[in-house]
Enquirer: 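A single structure is presented below for examination.
Owing to the predicted nature of the structure, the values given are computational and were not obtained by experimental measurement. Each chain gets a letter, A, B and so on, in the order its sequence line appears, and its residues count up from 1.
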Amino acid sequence: MIQTIAFYLFATLLIASGALTILARNPVHSVLWLILAFFNAAGLMVLVGAEFIAMLLVIVYVGAVAVLFLFVVMMLDIDFAELRAGLARYLPFGMVLALVLLCEMVFAVGAWRAGGVDLGHRLGATPADVPNIEAIGTLLYTRYLYIFEGAGLVLLVAMIGAIVLTHRARSGVRPQNVAAQNRRRPEDAIRKVNQPVGQGVEL
Amino acid sequence: MVDLSQYLPILLFLGVAIVLSTAFVVLPMVAAQFTGANKPNPDKLAEYECGFPAFEDSRAQFDVRFYLVAILFIIFDLEAAFLYPWAVSLKEIGWTGWLAMMTFLAELVLGFVYAWKKGALEWE
């Protein structure tokens, strides 16, 4: 009973915020609606029993991907009037894309109704006695070891790529040199002078 | 399978939060409807004394360096996300799993050292 209510609550909010994501005029508002959609999707994931996926949605998508989207939106210099003027020109192409997506959804639902793909049943069946985060862990780090290490390499490439593309060494800045600061002793910086009266100070 | 009943308190908290936040937004509006006179005119809504009409959109273009910080954050966020199932199932996966995670961490430490040496972690 409560599960049904929660499902309809999350599903309704998810669809509503998804629609508002594409309907909002301000792209920043779009991103905020997207964050709400992510939260509701996490709620749905908890309802179907995929707790780890729900946690990933909140930590990775809400915490990091949405922030990245916000930065991208803020970084682009978007002219809204120009953006809207292009609607008529891009409408046919957009309709074709939407049609393709619709066909794919119809095919997917049809295939699912026809009995599903056997590949998903072999290892995908959730063991009933352990939490699914543990089930993921036992498979991911042993059977799918290469894919896991490959994911690590992909992350490494992404990190190096981002640094190569966006990092510029700025000239004229004088960053703090912690090692040099720590190496410096009082003897290097202080001089004790017994200054005679009537003579100038030697600097 | 997941015992959903342990999530019931969170759902209740969610309901309480929604009710409270709605009340805090709606109740002042209702109170204002009954207590104050709402007769706006163009002069009343104009910028008053210290204010001035906005020169431009408040949206300013961000520096690309924010993007680099966000990318680095995502990558280490994902690394942390991979650590959770590993930590839970470490007893079953044994030394193989332990070594797998150490290799994974070493890959990312490599990237971390690169970022550090390139100065990508420093702002100026």
Side-chain angles (χ1 to χ4, degrees), chain A residues 2-3 6 26 28 43 46-52 55-56 59-60 63-65 67-68 70-72 74-78 126 128-138 140-142 145 148-149 151-153 155-160 162-170 173-176, chain B residues 1-5 7-8 10-11 14-15 57 59-82 84-94 96-101 103-108 110-112 114-115 118-120 122-124:
Chain A
I2 295 175
Q3 277 184 43
N26 190 333
V28 178
V46 169
L47 278 181
V48 294
E51 291 165 302
F52 181 59
M55 192 203 77
L56 276 190
I59 289 183
V60 175
V65 174
V67 173
L68 199 69
L70 261 186
F71 281 163
V72 169
M74 294 302 280
M75 221 159 51
L76 297 174
D77 196 12
I78 304 172
T126 319
D129 48 340
V130 292
N132 61 36
I133 181 169
E134 213 172 319
I136 291 174
T138 45
L140 183 61
Y141 304 107
T142 51
L145 183 63
F148 171 62
E149 302 296 351
L153 283 178
L155 288 179
L156 179 65
V157 168
M159 180 158 32
I160 291 175
I163 291 169
V164 167
L165 286 177
T166 63
H167 185 66
R168 307 256 181 289
R170 280 162 186 79
V173 294
R174 307 180 69 185
Q176 181 186 20
Chain B
M1 201 45 213
V2 184
D3 180 20
L4 275 178
S5 64
Y7 285 101
L8 187 61
I10 297 177
L11 192 68
L14 201 66
D57 198 6
R59 245 171 56 99
Q61 213 178 335
F62 268 26
D63 197 333
V64 76
R65 280 183 287 167
F66 286 106
Y67 186 71
L68 181 58
V69 173
I71 285 252
L72 292 179
F73 171 62
I74 276 198
I75 286 164
F76 291 114
D77 203 32
L78 273 171
E79 180 187 357
F82 271 118
Y84 289 106
W86 173 76
V88 170
S89 59
L90 190 55
K91 275 201 182 117
E92 278 110 88
I93 56 183
T96 322
W98 187 83
L99 272 176
M101 182 46 87
T103 321
F104 180 75
L105 290 183
E107 283 168 13
L108 284 167
L110 208 64
F112 182 59
Y114 178 75
K118 279 294 245 186
E122 294 187 17
W123 192 248
E124 275 301 328

Enquirer: Sort B/Ile10 into side chain, backbone, both or neither according to what part of it lies under 4.5 angstrom from a heavy atom of chain A.
Expert: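 For B/Ile10, there is no contact with chain A at all, as no heavy atom is under 4.5 Å.
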Enquirer: Nearest 0.5 angstrom please: A/Ile133 CD1 to A/Glu51 CD, how far?
Expert: 8.0 Å
Enquirer: Report the residues that fulfil side chain to side chain contact (heavy atoms under 4.5 Å, CB included) with B/Tyr114, sequence neighbours left out, ordered by chain and then residue number.
Expert: A/Ile160, A/Ile163, A/Val164, B/Lys118
Enquirer: Mind ranking B/Ile75, B/Leu110, B/Thr96 by heavy-atom pairs under 4.5 Å with chain A and telling me who comes out on top?
Expert: B/Ile75
Enquirer: Report which part of A/Val157 has an atom under 4.5 Å of a heavy atom belonging to chain B: side chain, backbone, both, or neither.
Expert: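 Neither part.
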Enquirer: Quick one: list whatever passes ring-ring contact (aromatic ring centres under 6.0 Å, His included) with A/Phe52, sequence neighbours left out.
Expert: none
Enquirer: Heavy-atom distance under 4.5 Å to chain A: side chain of B/Leu90, backbone, both or neither?
Expert: neither
Enquirer: With rounding to the nearest 0.5 Å, note down the distance linking CG in A/Leu165 to OH in B/Tyr67.
Expert: 9.0 Å
Enquirer: With a 4.5 angstrom heavy-atom cut-off, is it the side chain or the backbone of B/Phe112 that approaches chain A, or both, or neither?
Expert: backbone
Enquirer: Tell me, side chain or backbone of B/Phe73 under 4.5 Å from chain A's heavy atoms, or both, or neither?
Expert: side chain
Enquirer: Hey, does B/Trp98 have a side-chain heavy atom less than 4.5 Å from the side chain of A/Tyr141?
Expert: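 Side-chain contact under 4.5 Å: no.
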Enquirer: Given heavy-atom pairs under 4.5 angstrom as the criterion, report whether the side chain, backbone, both or neither of B/Ile74 touches chain A.
Expert: both
Enquirer: So which heavy atom on B/Leu11 is nearest to which on A/Ala6, and how close?
Expert: CD2-CB, 4.1 Å
Enquirer: Measure distances from A/Leu155 to the heavy atoms of chain B and classify the residue's part below 4.5 Å as side chain, backbone, both or neither.
Expert: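 For A/Leu155, backbone and side chain are both near chain B.
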Enquirer: Distance check, rounded to the nearest 0.5 Å: B/Trp86 atom CH2 versus B/Leu105 atom CG?
Expert: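 Reported value, rounded in 0.5 Å steps: 7.0 Å.
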Enquirer: Mind ranking A/Ile2, A/Val67, A/Leu68, A/Thr142 by heavy-atom pairs under 4.5 Å with chain B and telling me who comes out on top?
Expert: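 Top count of heavy-atom pairs under 4.5 Å with chain B: A/Leu68.
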Enquirer: In Å, rounded to the nearest 0.5 Å, how long is the span from CG of B/Asp77 to CG of B/Leu72?
Expert: 12.0 Å
Enquirer: When heavy-atom pairs shorter than 4.5 Å are enumerated against chain A, which of B/Leu99, B/Val69, B/Val88 gives the highest number?
Expert: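 Looking at each of B/Leu99, B/Val69, B/Val88 in turn, B/Val88 comes out on top.
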Enquirer: What orientation do A/Phe148 and B/Phe104 show, parallel under 30°, tilted 30 to 60°, or perpendicular over 60°?
Expert: parallel
Enquirer: Report the option among B/Ala106, B/Ala81, B/Ala100, B/Gly94 that has the most heavy-atom pairs separated by less than 4.5 Å from atoms of chain A.
Expert: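 Most pairs with chain A among the choices: B/Ala100.
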Enquirer: What part of A/Leu140 lies closer than 4.5 angstrom to a heavy atom of chain B: side chain, backbone, both or neither?
Expert: side chain
Enquirer: Using non-hydrogen atoms only, which part of A/Gln3 is less than 4.5 Å away from chain B: side chain, backbone, both, or neither?
Expert: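 The answer is the side chain of A/Gln3.
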Enquirer: Using non-hydrogen atoms only, which part of B/Ile71 is less than 4.5 Å away from chain A: side chain, backbone, both, or neither?
Expert: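 Looking at B/Ile71, backbone and side chain both touch chain A.
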